[in-house]
Amino acid sequence: MNDWALGIQINWQARPVVRELERISWQPDQLGAALTVAAGTLTIEDELGHALFTTAWPQDSAATTAGPAAASPNAWTDFTGLALPSDRRLTATVTLTTTDGQTYRDRAPFFTAADFSAAQWVTGAPDGDAEVLLSAAVTATKPVASVTLYASARGLYELYAGATKVSADLLTPGWTSYDHTIQYQAYDLTALFGAAPHQLLSVRLAPGWYRGRLTWDRKRMYGDRTAFIAHGVIRYVDGSVARFDTAEDWLTAPGPIRASDLYDGEQVDLSHAQAAFLKTGDRAGWRAATVLELAKTVLTPQQDAPCQVTQRLAPVSATTDAAGRVVLDFGQNLVGRVRVDLARLLGGQPVTLTLHHSEVLDALGTPYFGNLRTAAQTVTIHNATAAAGTYAAHFSFQGFRYVEVVADRPLAIDPAAFVAEVIHTPMTRTGTFTCDDPLLNRLYANILWGQRGNFVDVPTDCPQRDERLGWTGDTQVFISTGLYNYDGYAFYRKWLQDLSHDQLPDGGVPAVIPDVVSRLAPETSSSAAWGDAAVICPWTLYQFYGDLRILREQYASMKAWVAFNSAAGKTPYSGNPGFHYGDWLALDVDGSCFGATPHDYIACCFHRYTAELLRRTALLLGETADAAAYAALVAGCDDFFAATYLKDDDLSVATQTAQVLALKMMGLTPAQRAAIAARLNQLVVNNNTHLNTGFVGTPYLLEVLTANGYAATAVGLLMQKTFPSWLYAVTKGATTIWEHWDGLRLDGTMWADSMNSFNHYAFGAVGNWIYRYVLGIDQAPTSAGFEDVVIAPLIKASKRRHVSGSYQSVRGNIAVAWANQDGRVQIRVHVPAETSGTLILQDAVAGSYVGPGTYEPEATRYRIPLHGGSTLTASYRLV
Ligand code: BGC
């Protein structure tokens, strides 16, 4: 028996709190690509090692109602919702036996749901935007087997035992549609209570998303009072159990963070009466906490892991600007906070230090703050001395590459006293890509950084200005790229649950989820391509993971959105005629952000597209009557579109985006398809191989060119270095994806302050095309969860000399490496067990490849079957 890290996930999470068991999965390639699993067992044990549940396969793999519903011996076991007892800390053990007779084992502890029935919401005295401290002493009276604390807040909380923060989690409980759900976390305090039976548990509580600023001009969107709730379970070695809960016996005091806001930053006073409380535990002068009668029904186990620090970066340079202020450059536009080593920087005399965060420098080389709009992004540490150790903001995050450091008295700023901590939802990397072109590699890195910066518990548009909201359109355009880059099932599933909760009574979809806008600005809801996230996002999750649950969960929401569009239009087929963001930020019209493509046109295309995805969903879910109705809707949309926008084989709308949407979304005859694709190609070529598309056209532009015979034009756009293009920003030194194609103009000026994010992932949606066509990792149109892999890199057209990369699918790792030396290609591909697949060698000289497969002369390509669990190497010549 070998103990081996198998990457176990429970319900798609590494550290879940489980009410019902849905899936236990693992990564078979952790054993090495060459090994195949022959058999396995899965056991769930309680705190005292008693088995609650065991299954083995292949023999037990039949479905039962409470047991495993389906098993993929190499990657997961599904359950049809196995309800687990509350207040428990269980362990899942996965044992795999490989075909060579070796056995490997891994164990994953997890918590079950909490019983909050005896717990009360508690808070301190109202104190503006300052933090509130709460605490209680807890004593274990006998030797402990396990101690678990469940906690949540209206606001943001950090939990301490003595001076120790009990976990690395940040910004807990995360952001959800708080009127419907507030997540709670679970912490294992066994070791702490094992070491010392008497513990002082303390909480720092701050406004955060709950009552801090959100959107352009609002705060207190969910409530006026922050509050905390906790429930503890001590399980003694003798089998007895003690519980403790938040109640009026908790004590409270105001804390040293005098003002805290996600947008504005933090003001802490290190001379405050409670500044040393966590170290001293001295609660002299504290008062009894106030109990608030607030709903507990909203409490739900966390659906995704809370944010954490995932990387630390030292400054790469420090300069002094014209005003004599020190500016630190961390070399990367990032999202997080700066930790200051006060012990290194200061002596015993108090100093007030202020950190202003900025993404870019202006033409004069000074930090540019204009694009932050009203978000202060400023951390001020009052009365700092060396004795305070290090300090970093607790309840705020900033988008920045540069930090201007200001002290209230002369101070030598030692850059080594500062470190940037990168904060986001912790995600497992699933995709890799590298090639021989440094600019393309940088673009790829920028896409990854854009995702990291905007996956701060919810998928946001941007992380720096007074917005940072879950814009539905941005989420929708990026989701495929996001899922190639990182494992995002739990992240997007959580957000989609919020989308369902916040969907409007008529089926419309608010512009941002969690919805904090529709009540203030109802006219912004239900834009085409934004509201369509309700259908496109669950469908894309299904494609990547092959799991029907997400479609089942979202089915009502998906249907409601399509029904809304059918009901809102002049006809059921024309699409919603209401407000739209159009082809947002397209360059084909001067002086407007909405682009030149008519809104009705976009609405019609997206209506047809989501109706078609819903038809396929209905078929997969066995909803055959629905499927037939949606088939009729799709046909009606095609007829309406042809009658309204097609003359002969040409579209009446002449923008690049109009051609793109028709090719991607509409049912066209071969002649129409050929004519529209030729026109799109011509529009791009006539524009000197430049795009002018916005949020709506850009994500599909390269895909439809490639699929319709214009791969060379697609590659030309990808590799274009002059404005507007993806690589333009890279040549200007971008380290993230910009909101605008010209956020920073050639002449050094900026796009207007009002909307100029330098960390906006939307145009990074091109990552999807890079994975699928440059690296070449894709799946067959009817495949889901990469069950039927297609590897078809554009080796000749991409003009790259070498490319390699991988995608860690739910079934295991898919890897590709290819090199092209003067037309002689070497390619190596690996597909995991329990997949089938096809390798397509394009532009191949007949007879230049020797091996299994067939040559298709009319397409000059080889089609080679791939066998699950195998690695294949091929060489051939390009025509
Ligand atoms: C956001 C976008 C969003 C848009 C709606 C902007 O302020 O930053 O990314 O999709 O509004 O058009």
Side-chain angles (χ1 to χ4, degrees), residues 213-218 262-263 333 335 359 370-375 377 399 447 450-451 453-456 458-479 481-482 495 499 502 508-518 520-534 536-537 576 578-589 591-599 602-603 606 657 693-699 729 736-743 750-766:
R213 293 181 61 197
L214 281 177
T215 80
W216 312 270
D217 58 359
R218 293 293 161 130
L262 290 165
Y263 295 169
N333 194 22
V335 173
E359 295 193 291
N371 69 332
L372 305 179
R373 303 198 303 218
T374 67
Q377 283 219 132
I447 295 169
Q451 180 163 0
N454 285 293
F455 273 45
V456 179
V458 302
T460 59
D461 55 336
C462 59
Q464 73 298 85
R465 69 180 176 223
D466 48 0
E467 204 155 346
R468 312 180 186 195
L469 302 173
W471 281 93
T472 48
D474 307 47
T475 305
Q476 176 273 107
V477 303
F478 189 73
I479 186 170
T481 301
W495 185 80
L499 188 149
D502 285 340
V509 175
V512 304
I513 300 291
D515 173 27
V516 286
V517 167
S518 78
L520 310 174
E523 71 283 359
T524 59
S525 298
S526 305
S527 166
W530 273 252
D532 290 289
I536 295 172
C537 293
N576 151 31
F579 168 82
H580 296 288
Y581 290 108
D583 186 18
W584 187 246
L585 305 187
L587 298 168
D588 47 8
V589 64
S592 161
C593 287
F594 294 84
T597 308
H599 295 184
I602 296 172
F606 272 88
T657 289
T693 48
F695 275 33
V696 163
T698 306
T736 34
I737 301 293
W738 296 352
E739 178 172 26
H740 294 270
W741 294 114
D742 56 347
M750 306 269 185
W751 217 91
D753 283 357
S754 56
M755 204 174 61
N756 199 12
S757 156
F758 289 93
N759 198 352
H760 231 75
Y761 58 48
F763 288 145
V766 71

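Note that this is a predicted model, so its numbers are computed, not measured. Order of appearance sets the numbers: ligands from 1, and atoms from 1 within every ligand.
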Distance, nearest 0.5 Å, that separates CG of Leu499 from CD1 of Ile513: 4.0 Å
Taking atom CG of Asp532 and atom CD of Gln476, what is their separation to the nearest 0.5 Å? 6.5 Å
Identity and separation of the nearest protein heavy atom to [atom]:
atom	value
atom 7 (O) of ligand 1	Glu467 OE2, 2.6 Å
atom 11 (O) of ligand 1	Trp471 CZ2, 3.6 Å
atom 4 (C) of ligand 1	Trp584 NE1, 3.6 Å
atom 8 (O) of ligand 1	Arg465 NH2, 2.6 Å

Does a donor on one side chain sit under 3.5 Å from an acceptor on the other, for [X] and [Y]?
X	Y	result
Trp751	Asn756	no
Thr374	Arg213	yes
Gln464	Ser757	yes

Mutual orientation of the aromatic rings belonging to Phe695 and Trp530 [parallel < 30°, tilted 30-60°, perpendicular > 60°]: parallel
Do the ring planes of Tyr761 and Phe478 sit parallel (below 30°), tilted (30 to 60°) or perpendicular (above 60°)? parallel
Considering distance alone, does some N or O of Trp530 sit under 3.5 Å from an N or O of ligand 1? yes
Judged on heavy-atom distance to atom 9 (O) of ligand 1, which of Leu469, Thr524, Asp474 sits nearest? Asp474
At less than 4.0 angstrom from any non-hydrogen atom of [X], what atoms of ligand 1 do you find?
X	value
Phe695	9 (O), 10 (O)
Glu739	8 (O)
Asp461	1 (C), 8 (O), 9 (O)

